[in-house]
Every structure is written in C-alpha cells, then in structure tokens.
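A short worksheet on the structure shown next.
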Amino acid sequence: MLDQFTLHSLRLITLETELDGMAIPTVVKQSPVTRIAGIPMFFLDRGLSAPQKKSPVLAVDTARSPAVPHLLPTNPTKASADTGSLAGRKAPTRTSGPDRTSLTASGVAKLRLVDGRTTAVEVFSPSIVPLTVLAPSWARKYRTRLAASDLAVIAIAVVAAFVARFWFGETAASFAKVASNYWLVTAVIIGTWIITLSAHHTRDTSVVGMGLAEYQGVVKASILAFGLLAIAFVILKIDVARGYFTLAFPLGICGLLISRWAWRKWLIRQRRAGKSLSRAIVVGSRPDVEYVIGQIDRKAVTAYDIVGACVDDSNDDQLISKSTSVPVVSRLSHVAEAAANLKIDAVIVAGQPNFGNNFIRDLAWDLEGTAAELVVASRLTNIAGPRIRFRPVEGLPLMHVELPQFTGGKHVLKRGFDVCLSGLAIIALLPLMLVISLLVGRDSAGPVIFRQERVGRGGQTFHILKFRSMVESAEDDLAGLLDKNEGAGSLFKMKNDPRITRVGKFLRRYSIDELPQLWNIFVGDMSLVGPRPPLPGEVENYDPRVHRRLYIKPGLTGMWQVNGRSNLDWDESVRLDLYYVENWSLTGDLVIIWRTFKVLRRAVGAY
C-alpha cells in the first residue's frame, strides 16, 4: 500500500512539474477537458472584447523568420509614415525570449498589421483594445443548426407530454381551457431548458463531434433545468401537473440525445470528406509536435486539419510524421504571425516548449485579435478529462488530478450492472447457445466448451469459457506454429490458423465463441467491460507498469475490442487497457458496449 501511495505521489509531482513555470494568465473554458485522438486538450479562454468584422493580417520580417517566405516583409520607415498620429504614441517595450520583436519608444515595431490595403498600424498600443474574432464559419453554422434542433426537440417533447397528460378523457373545449392556463408554464420550461443547454457549453466546438462530453453536458443541463424549475414552482406555489412535468423530462432527454447523435453522424461524414475542419498549426519541440500530429492523423474524424508546425529545434522545412509530411511554417518566436497569415483557427501547443517560462502566456497575448483558438495538448495521455480539475489560486493555475479508485461504491455499481445484464443475456441467448453447441459438436470431435486458464483481478487465476473453435489437439499443435505468430506481445495470433474449424471460423469472425463468458461475468470472474483477459504466460513477461491491467476485472469487451482487436500492436493494446483501468465510468461502459455491436458487424481484426 505504501508503494502504491508513493507511486501516486510521484505522478502528482510530475503533473505539477508539467504546469510549473508555464505562466498561463488565462482560464480554462468551463467545458470539459476534451480528448482528441487520445490526447487531453485544454481550451484556453483569452477573454477578448466585442466582435469585429474582419481580422487584419499580421505580417513579419522574413529575415527574422526564414521558414515563412509567404509572410509579408515590413518596412519600419513606411510603417511610421502610414500610422500617422499613432506613431507618436508611447507603447511599452515587450520581449519574451530570443528573436521576439520589441517596440521602440515611438510605438513602431517590426511587425505590422495589414488590412488588405497595405495600410499599416502599430501592433501594440495601450489605446487599442484587441477585438474578438468570430469562430470558423462551419462552427457557427453547426452551432446554429444545433440550437434550432434543440429548440425543436424540446418544444415537441414538452407539447407531446402536455397532450399525453391532458388530451385523453377531455373534450375539445376543456382541453383548450387547460392549454390556455398552461401556455406560460410551457414557455418557461422550454426557455429554461434552452438556456441551461447554452450555459453548459453543450454546443462548443471543443465538445461536439467526439467523446462523451457533449452527451454528458446535455444530460447534466437537462437535470439542472428541471431541478431549478421544480424548486421555482414550489417556492412560487405554481400548481403544475406532475404527470406532464415528469413525462416531458425523459422525452426531452431522449430526443436531445438522438438529435445530437444524428448531427454528430452528419459532422463525421463531413470531416471524412475534408469539410467542417478547423485549420490548425502545432507548436512545440519536434518530438512532441510529431506525436500530436501522428495521433491526430490516425483518427479520420478529428476536428483539425493540420496545415503546419512551429518548431525551433531544426532547420528543416518539413516535419515528417508516420503518414504525412507537414511543413514547418514558423519558428516559435513568430507563431502568432504565422497563425494570422495562414488564417489559422487553432494553435495547438504540444507539451511544454523549451522557450522560456512565459511562452504560453505571451502566445495567448499575441493571438488576441486573431481568429485562432489556443489549445494546450497535455502530456498526461493516460488521464481522462473528468479526472482533471483546474483551480486558480492567487493567479497560479493549479491542475488537480483525481487519483484512480479501484474499490468503493462505483465498483459495486459496476458489479450490479454486470450481474443484471449478464443474467438477462444468458436467459435471452440460451436457445442460440444450444444451437451453437449442436453445430460445434457435429463439426469436429471434442468438447463443446473450451476451458482455458486466464489471470483476473489481483493476479487470481480462473478458467475462461468459450465455444470450442479449434480442433481438439490445438494446444499440442501450437509449438509447430510459434514462428508464424502475428499477435501482439506474447499473445499468439495467426490470421489463417490451420487449427480453426469450419464452424469455429464463423464463430470467431463475429466473436460468438465468447458467449459462454457471460457465465464468467455472472459468477464474478470477469466484467462486461474491462481489459483483455491475459494468459498466465503473458503476465509472467509483463513489465512492472503493465501489471496495472490486473487492478480491475478483465472484460468480455473493452477498448481493445472497439479499436481494432487483433490488429492492434502490443504497445497500443497496453495503452488502451491502462487508460481504461484508470478512467472507466459506467457511461463509458455503455458506449463501449454499443460500439462493440457496431464492430461485430464489420468483424474488424477478428481471427
């Protein structure tokens, strides 16, 4: 226990070190921390002022940034002439690291703002307040569609609940009288619901399109709306029919979730076609930038189109990731200029750039007045957003990371969920399993059920149950096939394994051979969702960190099942299992189960 506590303490010290000295003067948006391509993304609110019609384009002296030949050269002399009376105003000198442009006492810098007519104004002036630039056009249109859809769904749900409660058994006249008495209450319910959805940032670009944050926000906002309404009705002594009120709540939530799911499907199709993407550049050291670009490139439905990178550790003009080549558009000293000139929607800071303690703070300031959103990609790749909280203390942003819990009420709830669902599944699927047993028995000699020793929670062994999909002598024949292993790590897998029977090939393709594991779940050896159940031989070869997979029960399905199954390499399989062990939730389990049914239809990675 002491060793485990010490390990958690060391991890928290590491987290503190990551944030130490980053000098972030902004606040993280109230929307949940979003994982994009497996990376926690923190969206920083730069707190700008009123909107402006068009963002000026920022030009930079190319002699100071040779990697950005497309940026306009500046002329300090002409800049002084063009600014007129502005040139005489005093502006503070501002520096924040090597090669950063500073202002002279006259307020004229080597950077200038170009409005399309080559009219330049000074970059920094105490009298010029940065203006807010609107979000990308696709994001504005999508939010408008979501808002209209939410309003329509809520209105239909509330009206349907009203009709269901008051229509039956009433005459047309009496129904019209009730409707005239309830129209104001109905309008208040609809309005309050819409406002709470907006207040919970359920339409922000940082949460729509991927992950659970959008759905969780919709549910939480709906619960808050009806809680506030119930309190208000009691305090104001407004008599509202309980049936009408309670029926509108589930109808509205179900409608909203279905609507958001349908819009997400539409957005994913758009992104796969290269539309509805935010143009982004990735900033940081070369290894961090390559990792972030590689992760985003692996996911076809991520929200970003990476158009460039900003690094300072190489003179190369191309940044190579695993599957794509990204140009280096600027050095770290001129990120904001490149973002403005390339019309960037997001600047993603990968890790912690080695460019001074105030780099992110100064970058946030430099991006003021541009359309670019500032996003910090954390190196805490194994920690989910719900475990992360931000709490500013006297201007110091502190990141609180909740330690993973491996016992307690949440796990009791998970066990109850397993027992109920597995019990119902055994009863419902019993006829199918009897038919499969007959087919397996007639296809080849041997027992119908295959039993194999596996390692469960805490290293305890148990016998996993499967429909036999191989010949009876499969274990004895394994030695002659080891040189053809295609599995991850020490797990033996072979796409065209000669030991698989005809019926077994079909069973494996759709994972039907694993149905008897419902009994393992019911008796407590396994869970519906969890890490893949390992063999004792695998566990003997584990690195110390991989033993964390055994902190919870193995699962019938899991993140490995919905992310490629046998196509995953060993490192990726371990990463997914460890992520699940520390960040699982009952809502996440339901999503994984739903995604499992979708994966089984395509039979990806099943052999």
Side-chain angles (χ1 to χ4, degrees), residues 29-32 45 50-51 132 134-135 137-209 212-267 587:
K29 286 185 177 179
Q30 294 302 311
S31 56
D45 184 359
T132 299
L134 298 177
S137 60
W138 74 264
R140 298 197 302 271
K141 292 177 182 177
Y142 188 72
R143 282 203 296 262
T144 301
R145 290 166 180 163
L146 284 184
S149 175
D150 290 345
L151 178 59
V153 167
I154 291 172
I156 292 173
V158 173
V159 172
F162 179 81
V163 171
R165 170 61 181 83
F166 295 107
W167 175 263
F168 299 101
E170 298 286 343
T171 63
S174 61
F175 179 78
K177 182 178 180 180
V178 174
S180 64
N181 293 332
Y182 267 86
W183 74 268
L184 182 58
V185 171
T186 300
V188 168
I189 292 175
I190 295 174
T192 303
W193 209 337
I194 289 293
I195 291 172
T196 52
L197 286 173
S198 298
H200 272 70
H201 305 275
T202 61
R203 305 184 194 102
D204 282 10
T205 52
S206 59
V207 299
V208 297
L212 296 175
E214 179 182 3
Y215 300 133
Q216 291 173 339
V218 168
V219 173
K220 291 178 180 178
S222 301
I223 294 174
L224 176 62
F226 273 75
L228 293 175
L229 288 170
I231 293 172
F233 290 157
V234 170
I235 293 176
L236 299 176
K237 298 181 179 180
I238 299 176
D239 188 17
V240 178
R242 290 189 297 271
Y244 161 55
F245 192 69
T246 55
L247 185 58
F249 177 67
L251 285 177
I253 285 186
C254 291
L256 286 172
L257 293 178
I258 293 173
S259 171
R260 292 300 184 97
W261 175 80
W263 277 115
R264 176 172 294 194
K265 289 296 181 183
W266 178 86
L267 182 60
T587 304

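Everything numeric in this text was worked out from a predicted model, so none of it was measured.
Judged as a salt bridge (Lys or Arg N to Asp or Glu O under 4.0 Å), not a single pair has a partner in residues 173-186 (not counting sequence neighbours). For residues 179-190, the set of pairs meeting the salt bridge (Lys or Arg N to Asp or Glu O under 4.0 Å) definition, not counting sequence neighbours, is empty. The salt bridge (Lys or Arg N to Asp or Glu O under 4.0 Å) analysis of residues 181-200, with sequence neighbours excluded, yields no pairs. Note on residues 247-256: no pairs pass side-chain hydrogen bond (donor to acceptor under 3.5 Å, both in side chains), not counting sequence neighbours. Applying the salt bridge (Lys or Arg N to Asp or Glu O under 4.0 Å) test to residues at least two apart or on different chains, the pairs with a partner in residues 185-203 are D150-R203.
Taking all atoms of both residues into account, the shortest heavy-atom contact from V153 to S259 is CG2-CB, 3.9 Å.
Atom-to-atom distance recorded for W138:CH2 and T205:OG1 is 6.0 Å, nearest 0.5 angstrom. Rounded to the nearest 0.5 Å, atoms CD1 (I238) and CG (L184) are 8.0 Å apart. Annotation: the span from Y215 atom OH to K220 atom NZ amounts to 15.5 Å, rounded to 0.5 Å. The distance from atom CG of L197 to atom CG of L146, rounded to the nearest 0.5 Å, is 10.0 Å.
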Going by atom type alone, with no hydrogens or angles, which donor-acceptor pairs under 3.5 Å involve a side-chain atom of residues 221-231 and a protein atom two or more places apart or on another chain?
residue : atom : partner : partner atom : Å
S222    : OG   : W193    : NE1          : 2.9
S222    : OG   : V218    : O            : 2.8

Show me, pair by pair, the donor-acceptor contacts under 3.5 angstrom made by side chains of residues 240-258, not counting sequence neighbours?
residue : atom : partner : partner atom : Å
Y244    : OH   : T186    : OG1          : 2.8
T246    : OG1  : R242    : O            : 2.7
T246    : OG1  : G243    : O            : 3.4

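The shortest side-chain heavy-atom distance between L151 and I190 falls under the 4.5 Å cut-off.
Every residue was checked against the side chain to side chain donor-acceptor pair (under 3.5 Å) condition with T192, not counting sequence neighbours, and none meets it. With sequence neighbours excluded, no residue forms a side-chain contact (heavy atoms from CB on, under 4.5 Å) with T144. Judged as a side-chain contact (heavy atoms from CB on, under 4.5 Å), and not counting sequence neighbours, the contacts of V159 are V163. Remark: W266 engages W263 in a ring pair (Phe, Tyr, Trp, His ring centres under 6.0 Å) (not counting sequence neighbours). Every residue meeting the side chain to side chain donor-acceptor pair (under 3.5 Å) condition with R264, not counting sequence neighbours, appears here in chain and number order: E214.
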